[in-house]
Amino acid sequence: QVQLVESGGGLVQAGGSLRVSCAASGRTFSNYFAGWFRQAPGKEREFVAAISSSGGSTLYADSVKGRFTISRDNAKNTVYLQMNNLEPTDTAVYYCAAASRTIATLKGGPYNYWGQGTQVTVSS
């Protein structure tokens, strides 16, 4: 079992920046891929970014490529998503997730462990 808790969400104006964090506990988090997903009201959850267990590989959705950066600090069991040049369409609840590196792909997972989410609201 891996427990994930997101933090750092909030309200920001378009063009601004925000960093959300995901703190992991339980099993050794360095053995897991980590991903960020988001879900806006009335819409399906979508993939945002993912990072390999060592941090050596990353993957981004086309909609955020060049604006968002995923990173991890395994010593702190924490994954980050730095969001720059935010747009109103980025408004959503952001979730972090974890997938075992032995079976997972960065985008497809399967991501079997999920946090509760943190709200990010971008005003125009």
Side-chain angles (χ1 to χ4, degrees):
Q1 282 284 346
V2 174
Q3 292 79 47
L4 305 172
V5 179
E6 301 93 338
S7 63
L11 176 65
V12 63
Q13 290 186 331
S17 298
L18 200 65
R19 187 179 75 165
V20 291
S21 302
C22 175
S25 62
R27 301 173 69 176
T28 304
F29 196 53
S30 61
N31 292 333
Y32 291 81
F33 291 175
W36 285 97
F37 297 76
R38 66 187 183 186
Q39 187 169 26
K43 297 185 178 180
E44 294 185 352
R45 182 179 296 170
E46 65 174 339
F47 171 82
V48 175
I51 188 167
S52 61
S53 56
S54 67
S57 298
T58 58
L59 180 68
Y60 298 92
D62 289 341
S63 60
V64 306
K65 192 174 300 181
R67 300 188 298 121
F68 291 9
T69 302
I70 188 172
S71 62
R72 68 191 298 163
D73 185 342
N74 285 336
K76 296 182 177 180
N77 289 334
T78 302
V79 179
Y80 306 95
L81 184 68
Q82 177 67 47
M83 300 179 287
N84 297 327
N85 194 24
L86 283 161
E87 304 170 355
T89 51
D90 295 318
T91 295
V93 176
Y94 282 72
Y95 300 89
C96 66
S100 173
R101 69 177 180 87
T102 63
I103 63 171
T105 62
L106 287 181
K107 184 176 182 179
Y111 289 95
N112 294 323
Y113 304 97
W114 295 83
Q116 294 296 309
T118 185
Q119 177 70 49
V120 173
T121 302
V122 184
S123 62
S124 59

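Owing to the predicted nature of the structure, the values given are computational and were not obtained by experimental measurement.
- The side-chain heavy atoms of Q82 and S17, taken from C-beta on, include a pair separated by under 4.5 Å.
- By the criterion of side-chain heavy atoms lying less than 4.5 angstrom apart, applied directly or through intervening Ile, Leu, Val, Met, Phe, Trp or Tyr residues, L59 is not grouped with L81; the two fall into different hydrophobic clusters.
- In the hydrophobic clustering of ILVMFWY residues, with side-chain heavy atoms under 4.5 Å counting as a link, F33 and Y94 come out apart.
- When side chains are defined from C-beta on, R45 does not count as touching R38, because their heavy atoms never get closer than 4.5 Å.
- The heavy-atom pair separating L18 from G10 by the smallest distance is CD2-N, 3.8 Å.
- Taking all atoms of both residues into account, the shortest heavy-atom contact from T78 to S21 is CG2-CB, 4.3 Å.
- Once rounded to the nearest 0.5 Å, the distance linking NZ of K107 with CZ of F37 reads 9.5 Å.
- What you find for A24 and V2 is that their closest heavy atoms are CB-CG1, 4.3 Å.
- Relative orientation of the Y111 and W114 rings is perpendicular, given thresholds of 30° and 60° on the angle between their planes.
- The line from OG of S54 to CG of N74 is 8.0 Å long, rounded to the nearest 0.5 Å.
- The cluster map of Ile, Leu, Val, Met, Phe, Trp and Tyr, joined by side-chain heavy atoms under 4.5 Å apart, puts V5 and V20 in different clusters.
- Linking ILVMFWY residues whenever their side-chain heavy atoms come closer than 4.5 Å, directly or via other members, places L86 and W36 in the same cluster.
- One hydrophobic cluster holds both V48 and V120 under the rule that ILVMFWY side chains link at heavy-atom gaps under 4.5 Å.
- Here SG of C22 is found 9.0 Å from CD1 of I70. Values are rounded to the nearest 0.5 Å.
- R19 and Y80 share no donor-acceptor pair across their side chains, judged by distance under 3.5 Å alone.
- Nearest heavy-atom pair across K65 and Y60 is CE-O, 3.8 Å.
- Within the 4.5 Å cutoff, no side-chain heavy atoms of L106 are placed close to those of I51.
- The closest donor-acceptor contact from the side chain of E6 to the backbone of Q116 lies under 3.5 Å.
- Atoms CG and CZ, from N85 and R67 in turn, are 6.0 Å apart once rounded to the nearest 0.5 Å.
- A search for side-chain hydrogen bond (donor to acceptor under 3.5 Å, both in side chains) contacts involving N77 returns nothing, not counting sequence neighbours.
- One finds the CG atom of L4 at 13.0 Å from the OH atom of Y95 (value rounded to the nearest 0.5 Å).
- S52 and R72 get closest at one heavy-atom pair: O-NH1, 2.8 Å.
- S30 and T28 share no side-chain donor-acceptor pair at under 3.5 Å.
- Between Y113 and Q3 there is no side-chain heavy-atom pair separated by less than 4.5 Å.
- Between the OG atom in S124 and the CD atom in E87 there is a gap of 12.0 Å [rounded to 0.5 Å].
- The shortest side-chain heavy-atom distance between V122 and M83 does not fall under the 4.5 Å cut-off.
- Closest heavy-atom contact between V93 and Q119: CG2-OE1, 3.2 Å.
- Side-chain contact check for V79 versus C96: every heavy-atom pair is 4.5 Å or farther apart.
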